[in-house]
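Numbering of ligands and ligand atoms starts at 1, following listing order.
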Amino acid sequence: MSIQENYNNIKNRLPDNVQLVAVSKTHPVSAIQEVYDLGQRVFGENKVQELMEKHPLLPKDIQWHLIGHLQTNKVKYIAGFIDTIQSADSEKLILEISKEAGKYNRKIKVLLQVKIAEEESKFGLEIKEAKNLFQKYIDGKFPNVEITGLMGMATFTDDRNQVKKEFSTLKKVFDELNQLKKLETLSMGMSDDFPIAIECGANSVRVGSAIFGSRDYTI
Ligand SMILES: *Cc1c(COP(=O)(O)O)cnc(C)c1O
């Protein structure tokens, strides 16, 4: 199937209220432009270096989301243009994002990445830490950051119930924090599990290979 067929197919499967983040990591600028020309404006990358290379070559109205682990010393490279950092996983990182955003007189949208997978995952906040950080945000600790929601990844498994359980856990945390201060985005679900994520309350999904095809990490 062509990128265009893939893209239209995914769009048709998403309810109107669900945002699509097209995950373009490892794919060339030409493929991103092709999806842009079909109307897509929100793209996700997981590496700062790759994003910095692609960003100047593509239309300025793309909303770039960083979805991969971000080192504090790299925040400065993307602070001027990044729309949303979905992978905020420490207080130190959020402080740095706020500081660097301040230099551009802007606010950067941030999602707290929460560890929900049963499998060992390197990155992500424990639920308790996420709640603590959100309280600090409400108390004004990160003036140039706007925490707009949560992001989570389920265990990589065929067990639908397991995936459902993990997504539902994050939805509960989302509802709880949303009582304290209004949140917009619950980012859960990728190519293989986005329908389950939507069932569990996701309103933003991050879809890569189902649009762009499989990734080749050997080149
Ligand atoms: C790569 C990636 C995706 C997209 O994965 P696909 O299975 O290709 O849809 C989504 N979220 C994160 C955090 C990723 O790193």
Check: Tell me: protein heavy atom nearest atom 9 (O) of ligand 1, and distance?
Finding: S191 OG, 2.5 Å
Check: Any non-hydrogen atom of R215 lying under 4.0 Å from ligand 1?
Finding: yes
Check: Parallel, tilted or perpendicular: which fits the ring planes of F123 and H69, with parallel below 30° and perpendicular above 60°?
Finding: parallel
Check: Charged N to carboxylate O under 4.0 angstrom, K136 versus E91?
Finding: yes
Checklist line | M153, portion touching ligand 1 at heavy-atom distance under 4.0 Å | finding: side chain
Note to self: Could you identify the single nearest non-hydrogen protein atom to atom 12 (C) of ligand 1 and state the distance to 0.1 Å?
What the structure shows: I67 CD1, 3.5 Å
Check: For A210, is at least one N or O under 3.5 Å away from an N or O on ligand 1?
Finding: no
Item checked: Shortest reach to atom 14 (C) of ligand 1 by a heavy atom, considering only K25, R206, M190 -> K25
Margin query: Out of all atoms in ligand 1, which are within 4.0 Å of some heavy atom of G208? Include the element for each.
Written below: 4 (C), 6 (P), 8 (O), 9 (O)
Next item on the list: Heavy-atom contacts with V207 under 4.0 Å: which atoms of ligand 1 show up? List them by number with element.
Entry: 9 (O)
Margin query: For atom 7 (O) of ligand 1, what is the closest protein heavy atom, and at what distance to 0.1 Å?
Written below: S209 OG, 3.6 Å
Check: For Y7, which residues count as a ring-ring contact (aromatic ring centres under 6.0 Å, His included) partner, sequence neighbours excluded?
Finding: none
